[in-house]
2 protein chains.
Amino acid sequence: MPYTHTHRILIALDCIIFGFDGEGLNLLLVKRNFEPEFGKWSLMGGFLNEGESLEEAAHRIVFDLTGLDNHYLEQFQTFGATTRDPVERTVSVAYYALVNIEDQDMNAIRSHNASWISLHKKPYLIFDHDIMVEEALKRLRTKAALNPIGFELLPGKFTIPQLQKLYEAIYDTKLDRRNFSRKILSTKLLMGTGEKDMTSQTKKGQLYSLNTHEYVRQQKGNFGFLPELILVDA
Amino acid sequence: MPYTHTHRILIALDCIIFGFDGEGLNLLLVKRNFEPEFGKWSLMGGFLNEGESLEEAAHRIVFDLTGLDNHYLEQFQTFGATTRDPVERTVSVAYYALVNIEDQDMNAIRSHNASWISLHKKPYLIFDHDIMVEEALKRLRTKAALNPIGFELLPGKFTIPQLQKLYEAIYDTKLDRRNFSRKILSTKLLMGTGEKDMTSQTKKGQLYSLNTHEYVRQQKGNFGFLPELILVDA
DNA sequence: TTACAATTGTGTAGTAGTTACACAATTTAT
DNA sequence: ATAAATTGTGTAACTACTACACAATTGTAA
């Protein structure tokens, strides 16, 4: 026998999908070719299905769009203003995901009319999606300052300077190259592969030489991680 | 015209209400005199109403139970396992609240069959409420280590040692009395009232003398706050 | 091969913050 | 007044962070 309460509504899920292209943070956004708000940009979203947990639904949504199965995914806030969706009342559970921008399924992305867009050039998004992005970024910053989760945005093998650029992008700041390297290596989270990076490209006519070692993720841990950073809202 | 999707469900809200009695953290729990799970303990909860935001609903639930209107309230996680409620599928948005245990409405509490129960003596709770309490405590610990929110659990005026006992209760640890006092006062968050605490009681046959000054909350701020503490999961 | 520019790794002094503890001051009871 | 309990201030040792000097490595070009 069900509850006597009657206000049953749709549960939406919206996913803020972060990617890193070596220079800055990017968002995977959908240009809507359906109503409402045809032609406007939005986050990738969907509705909760019967027999599906929130976690499963969020995972499905990211997988459908990127073809990626092995990404970091964290629920961060649920949005429930009565007027947030003009079509009908919905409550939206928001997740952010960190994916490696390189090994995605371009067909899946194209078929959803989606694009990677630099966070700095983010267009206006429908509904309350702009606020969602803002809150997701806040959470990512807090989380990444205390936990080593940034690695999810990089390929399996990467150099220390690449990692530094990632953190500089997340926090929109500059970090001291030498102290950063020392700090990262002191955590023992990384280990050298003995290989060199052969994928380097010359940029702006300048050379990009590379270190003897690349690093792969070695272990997980929780600890204060990047002390040069200030947490504004944890 | 509504969406074509059809899986409309109830939105529940569950509130983890923390109080501090001068010694340890307490939870405000409800002994159910209704089905399902008659006679078992649960968190205070309710359903989202039409025309009501999540925030408003959570506030209403805490107000109904405590008569308190001016408490700290933070959404921390939404629970959506398909089997979490045996009656029918619901998704529950969980909030935790910090209330001053002294100026509550005892009639409201009694009429809901609720009691303050020490966190250390928490009984088994129905559904996924045990997990909710665990997650709420994690979040409270992270939040209070970075932001000065613990004050919400104390009366308007309090002594430094009272505040220290509160933090020791939150983190289940001992802090150095002298360093704690210095750290708290250095934040300029508190100001002396010039009054003395007249409510002190002799305990275990020993004397409890009091400081010349009590303190009231002066301002808000965000900053790393209690460095002796280690964040396990932020 | 050599020189040179760009990049990356190691050393270290100065600074700031934390920890642990000594000691002084205050309050309360006898 | 004296003693016990409690609270406030001083400080040395330790740790961590910051900023920068300098060495080592890589890649390019004469």
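Just so we're clear, the structure is a prediction, and the values are computed from it rather than from any experiment. To find a chain, count down the sequence lines: A is the first, B the second, and so on, and within it residues start at 1.
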Please enumerate all protein N or O atoms sitting under 3.5 Å from an N or O of nucleotides 9-11 of chain D, with distances to 0.1 Å.
residue, atom, partner, partner atom, Å
D/dG10, N7, B/Arg182, NH1, 2.9
D/dG10, O6, B/Arg182, NH2, 2.9

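- Looking at the side chain of B/Lys183, the nearest of the listed nucleotides C/dC21, C/dT18, D/dT7 is C/dT18.
- Classification of the B/His129-B/Phe127 ring pair by plane angle, with boundaries at 30° and 60°, yields perpendicular.
- Not a single side-chain hydrogen bond (donor to acceptor under 3.5 Å, both in side chains) links A/Lys31 to another residue, sequence neighbours left out.
- Straight-line distance from the CG atom of B/Leu175 to the P atom of D/dT7: 14 Å, rounded to whole Å.
- Out of C/dA20, C/dT8, D/dT7, the shortest distance to the side chain of A/Pro161 is found at C/dT8.
- Spacing between atom CG of A/Asp176 and atom P of D/dA16 amounts to 18 Å, rounded to whole angstrom units.
- For the pair B/Lys174 NZ and C/dA20 C1', the interatomic distance rounds to 17 Å; values are reported in whole Å.
- Annotation: side chain of A/Ser42 is not in contact with side chain of A/Leu125 (no heavy-atom distance under 4.5 Å).
- The minimum heavy-atom distance between B/Tyr167 and B/Leu175, with the atom names listed, is CB-CD1, 4.1 Å.
- When the side-chain hydrogen bond (donor to acceptor under 3.5 Å, both in side chains) test is applied to B/Glu55, no partner is found at least two apart in sequence or on another chain.
- Atom P of nucleotide C/dT7 and atom CD of A/Gln162 are separated by 14 Å, given to the nearest angstrom.
- When only modelled atom types and interatomic distance are considered, B/Ser92 and B/Asp14 share a side-chain donor-acceptor pair under 3.5 Å.
- In this structure, the CZ atom of A/Phe180 is 13 Å from the P atom of D/dT18, given to the nearest Å.
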